[in-house]
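Worksheet: the structure to be examined is printed underneath.
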Amino acid sequence: DSGVTQTPKHLITATGQRVTLRCSPRSGDLSVYWYQQSLDQGLQFLIQYYNGEERAKGNILERFSAQQFPDLHSELNLSSLELGDSALYFCASSVGVNSGSYEQYFGPGTRLTVT
Amino acid sequence: AQTVTQSQPEMSVQEAETVTLSCTYDTSESDYYLFWYKQPPSRQMILVIRQEAYKQQNATENRFSVNFQKAAKSFSLKISDSQLGDAAMYFCAVPGTYKYIFGTGTRLKVLA
């Protein structure tokens, strides 16, 4: 158990809908990262937050947004969903802001299926 | 730009034998960790081993060890005494700015 929690574990929804994925980092970790993993693909970085502020963006679509709240949990919002958004979404957390120096701990992921 | 290359899409190993998975990378970070993650069919990302780039000694965790060659930017994973439970996707990860960059993965099959 990494100490990172993600809810829900599974989500099935229809095209055009909006969903929210939630992540609680490990106690003491200030950074939260979101990654997307499509079937049989590697992990693609979406976005990072550090202590409530956005620090880095990857290949995140405009239909996607995220935020980190004062209690450090984070939410990833996906809207106008398309079939291609079906994927496993991971949240990871680390103590610091610089990924080079800090280990990231991964949550169990949320499996999103868009039908 | 930071890059990670895993050149072996799939590997097979006989149970109890040794297998080495390769990873090469490029990064502009000066002080960093390198990681190997295992992703079994459950798709949980499990940290297998980490290497601190400033340490010359190769990291070892039980049956897992790395061969880290900083100058060559190579970071291979050796699995000794392979077990059926080692069958999974293996990803190496290196730091980019504010994020990890993952390789495309190597699928390891363990043959009984």
Side-chain angles (χ1 to χ4, degrees), chain A residues 1-6 9-10 23 26 30-51 53-60 66 68 86-113, chain B residues 1-10 21 23 25-55 59 61 70 73 75 88-109:
Chain A
D1 185 358
S2 67
V4 179
T5 60
Q6 289 187 248
K9 287 186 178 180
H10 301 280
C23 168
R26 286 190 329 151
L30 300 178
S31 277
V32 170
Y33 308 78
W34 287 97
Y35 293 88
Q36 179 192 54
Q37 185 182 33
S38 300
L39 189 63
D40 291 334
Q41 300 290 316
L43 276 73
Q44 299 296 319
F45 169 71
L46 295 178
I47 198 165
Q48 183 211 11
Y49 280 83
Y50 177 76
N51 204 20
E53 294 188 5
E54 181 186 305
R55 284 304 180 106
K57 267 187 175 181
N59 297 324
I60 187 167
Q68 186 180 29
S86 296
L88 189 57
Y89 291 85
F90 284 105
C91 169
S93 72
S94 69
V95 170
V97 64
N98 184 350
S99 68
S101 302
Y102 299 99
E103 182 172 336
Q104 294 187 12
Y105 296 86
F106 282 80
T110 292
R111 185 185 301 273
L112 173 66
T113 302
Chain B
Q2 291 92 349
T3 59
V4 180
T5 302
Q6 292 183 251
S7 58
Q8 307 151 317
E10 188 171 296
L21 311 183
C23 175
Y25 68 94
D26 193 10
T27 181
S28 56
E29 299 287 322
S30 57
D31 181 18
Y32 55 92
Y33 290 110
L34 296 163
F35 301 93
W36 277 98
Y37 282 90
K38 170 184 177 180
Q39 189 177 44
S42 68
R43 302 194 75 183
Q44 170 77 49
M45 293 293 286
I46 301 168
L47 178 65
V48 174
I49 197 165
R50 69 176 182 181
Q51 171 77 44
E52 296 172 61
Y54 68 88
K55 288 187 176 180
E61 286 286 342
K70 190 173 184 178
K73 293 186 176 177
F75 178 57
M89 283 289 288
Y90 287 82
F91 295 95
C92 65
V94 301
T97 306
Y98 301 123
K99 64 183 184 288
Y100 282 3
I101 299 172
F102 286 83
T104 51
T106 296
R107 183 177 301 280
L108 179 66
K109 295 184 176 181

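What you see is a predicted model, and the numbers here were worked out from it, not measured in a lab. Just so we're on the same page: letters track the sequence lines, and every chain starts at 1. The basis for the numbers below is simple: all heavy atoms, side chains too, and nothing from hydrogens, waters or symmetry mates.
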Quick test of your reading: applying salt bridge (charged side-chain N to carboxylate O under 4.0 Å, His left out), list the pairs with at least one residue in residues 35-50 of chain B, sequence neighbours left out, ordered by first then second residue.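 Listed by first then second residue: Glu103(A)-Arg50(B).
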Atom of Phe91(B), atom of Gln41(A) and distance for their closest heavy-atom approach: CZ-O, 3.9 Å
What pairs with Tyr35(A) under ring-ring contact (aromatic ring centres under 6.0 Å, His included), at least two apart in sequence or on another chain? Phe45(A), Phe106(A), Phe102(B)
Taking atom OH of Tyr33(B) and atom CD of Gln104(A), what is their separation to the nearest 0.5 Å?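 Nearest 0.5 Å value for the OH-CD distance: 12.5 Å.
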d(Ser2(A) OG, Gln44(B) CD) to nearest 0.5 Å is 6.0 Å
Please flag which part of Gln39(B) lies under 4.5 Å from any non-hydrogen atom of chain A: side chain, backbone, both or neither. side chain
Counting only heavy atoms not in Glu53(A), do more than 12 sit closer than 6.0 Å to its CD atom?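 Open.
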Pick one of side chain, backbone, both or neither for Leu43(A), based on which atoms fall under 4.5 Å of a heavy atom in chain B. both
Gln37(A), part contacting chain B, at a heavy-atom distance under 4.5 Å: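 For Gln37(A), backbone and side chain are both near chain B.
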